[in-house]
Amino acid sequence: MNRLVVRIAPIVVVAIVVIAGCGGSSKKAAQTSTTAAGGSGTPGAVAVNATVPLPKPACDFLSRDDIAGALGNPVGAATAAGETNCTWGTSVDGGTSLDLTVVKAAPGGSAEACKDQRNSLPRGIDRESVSGVGDSALWFVDQLTTIKQGHFLACWNNGVVVILVTGEKEAAALKATASGLAEKVHSRLT
């Protein structure tokens, strides 16, 4: 029976992540991942979390002034989606917004936490590596109509920051906004 549980556990975790990721929302909530110590599927292995609870909710990592300055317009109140995700929209239009996901990595869990967040990003879009932010960072942008939706993921040894910024600015400006905010969030995570 113990071998059966060890073999089924990874399948259950994947199913939960897939179901949670198919909620129909563009928001990407952080997933708590597990990896088996000593290798996946090892009999008697103990699961360890790749993430630990945040010191404060994601909405508390950035202020309305931080967001307004980054987006260039006043913003409405933050909307939390659990402890790890927060969204702000501008109060002047219906298309400019910022979504933040913050994950604190457990000791030794940073690679897995980063991989989990990378896997939650949309597929089929060319991703660009970004140097100078975190241990690794990725950026890509979707052109929706006149609105662009930029995805920025930065990984550090103690956490992961994902920013989804939507607006009419040029892609380079959206990337600079997301990069600066990711660094600000990380400085407040430690």
Side-chain angles (χ1 to χ4, degrees), residues 21 25-31 51 54 56-105 110-111 113-190:
S25 172
S26 65
K27 298 174 188 164
K28 300 295 179 195
Q31 305 295 324
T51 62
L54 292 171
K56 57 188 173 185
C59 290
D60 293 347
F61 281 93
L62 296 170
S63 69
R64 284 173 77 172
D65 289 342
D66 290 333
I67 303 300
L71 296 180
N73 287 311
V75 295
T79 303
E83 291 292 308
T84 61
N85 189 271
C86 192
T87 301
W88 294 265
T90 63
S91 54
V92 296
D93 67 31
T96 304
S97 64
L98 188 126
D99 183 73
L100 169 68
T101 301
V102 185
V103 176
K104 185 156 178 63
S110 62
C114 186
K115 179 182 166 189
D116 286 349
Q117 291 305 309
R118 190 177 301 116
N119 288 339
S120 74
L121 296 172
R123 307 237 190 291
I125 301 170
D126 289 337
R127 299 172 184 198
E128 166 191 337
S129 290
V130 178
S131 61
V133 182
D135 299 326
S136 66
L138 294 173
W139 164 257
F140 59 96
V141 67
D142 287 326
Q143 179 76 37
L144 303 175
T145 55
T146 58
I147 302 284
K148 294 172 188 70
Q149 190 172 62
H151 303 261
F152 191 86
L153 173 127
C155 300
W156 285 268
N157 66 351
N158 66 335
V160 182
V161 177
V162 181
I163 295 188
L164 172 65
V165 60
T166 304
E168 294 181 359
K169 293 180 181 180
E170 291 300 316
L174 291 175
K175 180 170 110 177
T177 294
S179 174
L181 289 174
E183 289 190 36
K184 186 175 282 192
V185 169
H186 179 255
S187 73
R188 295 171 181 173
L189 179 63
T190 56

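Note that the coordinates shown come from a computational prediction; the quantities given were computed from them, not determined experimentally.
Judged as a salt bridge (Lys or Arg N to Asp or Glu O under 4.0 Å), the pairs with a partner in residues 177-190 (not counting sequence neighbours) are, in order, D66-K184, D66-R188. Residue pairs meeting the salt bridge (Lys or Arg N to Asp or Glu O under 4.0 Å) criterion with at least one member in residues 129-157: none, sequence neighbours excluded. Residue pairs that meet the disulfide (SG to SG under 2.5 Å) test with at least one member in residues 131-175, sequence neighbours left out, are C114-C155. Sequence neighbours left out, the pairs with a member in residues 154-184 that pass ring pair (Phe, Tyr, Trp, His ring centres under 6.0 Å) are W156-H186. Residue pairs that meet the disulfide (SG to SG under 2.5 Å) test with at least one member in residues 157-190, sequence neighbours left out, do not exist here.
Of all heavy-atom pairs between R64 and G76, the closest is NE-O, 3.6 Å. The two atoms that bring N157 and S110 nearest to each other are O-CB, 3.2 Å, heavy atoms only.
Within 6.0 Å of NZ on K115 lie no more than 12 heavy atoms contributed by other residues, nucleotides or ligands.
Between the CG atom in L153 and the CD1 atom in I163 there is a gap of 10.0 Å [rounded to 0.5 Å]. Atom OG of S97 and atom CD1 of I147 lie 8.5 Å apart (nearest 0.5 Å). Between atom OG1 of residue T96 and atom CG of residue L71 there is a gap of 6.5 Å, rounded to the nearest 0.5 Å. Between atom CG of residue D126 and atom CH2 of residue W139 there is a gap of 14.0 Å, rounded to the nearest 0.5 Å. Rounding to the nearest 0.5 Å places NE2 of H151 at 11.0 Å from CG of L174.
Residues satisfying the side chain to side chain contact (heavy atoms under 4.5 Å, CB included) test with A78, not counting sequence neighbours, are C59, C86, W88. Residues passing the salt bridge (charged side-chain N to carboxylate O under 4.0 Å, His left out) test with K175 are E128, sequence neighbours excluded. For F61, there are no ring pair (Phe, Tyr, Trp, His ring centres under 6.0 Å) partners two or more places apart in sequence or in a different chain. Residues passing the side chain to side chain contact (heavy atoms under 4.5 Å, CB included) test with K104 are V52, L54, P55, N158, L189, sequence neighbours excluded.
Between V141 and I125 there is no side-chain heavy-atom pair separated by less than 4.5 Å.
The main-chain N or O of L138 is never found under 3.5 Å from a side-chain atom of R127 such that the two would form a donor-acceptor pair. No side-chain donor-acceptor contact under 3.5 Å links S179 to the backbone of A176.
Using modelled atom types, one finds a donor on one side chain and an acceptor on the other under 3.5 Å when comparing T87 with D99.
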List the steps, then state whether side-chain contact (heavy atoms from CB on, under 4.5 Å) holds for V102 with T84. CA-CA 5 Å; V102 185; T84 61; 5.7 Å; no
Tell me, with the steps shown, if V130 and F152 meet side-chain contact (heavy atoms from CB on, under 4.5 Å). CA-CA 9 Å; V130 178; F152 191 86; 4.0 Å; yes
L62 vs V185, side-chain contact (heavy atoms from CB on, under 4.5 Å): CA-CA, chis, key distance, verdict: CA-CA 7 Å; L62 296 170; V185 169; 3.6 Å; yes
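Among the candidates T101, L164, L100, T79, the single residue satisfying the side chain to side chain contact (heavy atoms under 4.5 Å, CB included) test with N85 is T101.
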